[in-house]
Amino acid sequence: MSLVLLPAVDIVGGQAVRLTQGEAGTETRHGEPLAAALAWQEAGAEWIHMVDLDAAFGRGGNRELIAGVIARLDVNVELSGGIRDDDSLAAALATGCRRVNIGTAALENPEWCRKVIAEYGDRIAVGLDVRGTTLAARGWTKDGGDLWEALDRLEADGCPRYVVTDVTKDGMLQGPNLDLYRRICARTDKPVVASGGVSCLDDLVALASLVPDGVEGAIVGRALYAHAFTLENALAAVRV
Ligand SMILES: O=C(O)c1ccccc1N[C@@H]1O[C@H](COP(=O)(O)O)[C@@H](O)[C@H]1O
């Protein structure tokens with residue numbers, strides 16, 4: 001199996017942006033989310049990782065715009081940010097995304113998370129956003145507990161997929177935390193999508209070497225927007 005590449009489209013105030021280590025106020029702007037998403041689709045992406053950062057930071061959201069973007073796409077969208085209760089989950093699924101990524105609520109509301117995993121199966125992924133082995137919640141501004149305790153609980157609850165971000169690597173262009181993904185894959189048989197730090201094609205080749213361990217995909221953000229490589233070249237680099 002080839003590593004699945006998910007170009008990221010993060011949205012603030014209706015614009016595509018990139019943050020550094022997820023910190024509000026560090027954004028660089030990259031135009032219309034639709035234009036970005038269409039560019040990744042045309043370059044061959046099969047999935048797009050879309051984040052409503054305003055919703056993740058608890059300061060509004062971009063759901064209508066996101067629904068309009070997804071309606072124009074043929075590729076699968078994994079949608080993150082602010083999905084924390086029945087209403088926000090229903091609104092997220094109604095955008096037409098293929099799956100949603102639950103972060104804060106998986107840490108703060110385990111019972112609800114268990115319920116929606118049982119109800120929606122693989123339309124749900126849980127985002128494990130970590131600094132060291134401490135989880136980050138609420139726009140990565142609050143500690144969300146111990147990674148290994150949460151992972152054991154989510155395993156018991158049947159979580160079908162994990163999207164694992166090393167927050168300290170995100171937007172830094174300094175390479176991914178391969179050891180983190182190895183350690184998580186050693187503790188679960190469920191697919192893991194790796195996020196944070198990809199800077200060059202060699203980083204993607206290194207992540208692709210973890211496919212037999214359980215790394216299914218890699219989210220690529222700043223490296224694509226900074227033109228460190230093209231998505232076409234990235235897809236070729238991980239193709240087997
Ligand atoms: O992706 C980011 O750069 C990011 C930065 C700061 C906070 C969250 C970010 N992204 C993703 O948002 C969801 C978390 O949202 P919530 O906690 O469920 O509301 C998660 O997938 C993060 O990886």
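Both ligands and their constituent atoms are indexed starting at 1 by order of listing. Heavy atoms only: backbone and side chains are in, while hydrogens, waters and symmetry mates are out. Positions are given from 1 along the sequence.
- Taking the charged nitrogens against the carboxylate oxygens, Asp10 and Arg18 do have a contact shorter than 4.0 Å, which makes a salt bridge.
- Salt-bridge formation is not detected for the pair Arg182/Asp213: no Lys NZ or Arg NE/NH1/NH2 atom is positioned less than 4.0 Å from an Asp or Glu carboxylate oxygen.
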Exercise answer, ligand 1 polar atom pairs (N/O) under 3.5 angstrom:
unit_1	atom_1	unit_2	atom_2	d
ligand 1	3 (O)	Asp170	OD2	3.4
ligand 1	17 (O)	Thr104	N	2.9
ligand 1	17 (O)	Thr104	OG1	2.4
ligand 1	18 (O)	Gly103	N	2.9
ligand 1	18 (O)	Thr104	N	3.3
ligand 1	19 (O)	Gly82	N	2.6
ligand 1	19 (O)	Arg84	NE	2.9
ligand 1	19 (O)	Arg84	NH2	2.7
ligand 1	21 (O)	Ser80	OG	3.1
ligand 1	21 (O)	Asn101	ND2	2.9
ligand 1	23 (O)	Asp129	OD1	3.1
ligand 1	23 (O)	Asp129	OD2	3.4

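- In this structure, OG1 in Thr95 is found 8.5 Å from CE in Met50, a value given to the nearest 0.5 Å.
- Residues passing the side-chain hydrogen bond (donor to acceptor under 3.5 Å, both in side chains) test with Asp152, sequence neighbours excluded: Arg187.
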Show me the donor-acceptor pairs within less than 3.5 Å that the side chains of residues 229-240 make with the rest of the protein, sequence neighbours left out.
unit_1	atom_1	unit_2	atom_2	d
Thr230	OG1	Asn233	N	3.0
Thr230	OG1	Asn233	ND2	3.3

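- Listed by first and then second residue, the side-chain hydrogen bond (donor to acceptor under 3.5 Å, both in side chains) pairs involving residues 100-110 are Ser80-Asn101, Glu108-Arg138 (not counting sequence neighbours).
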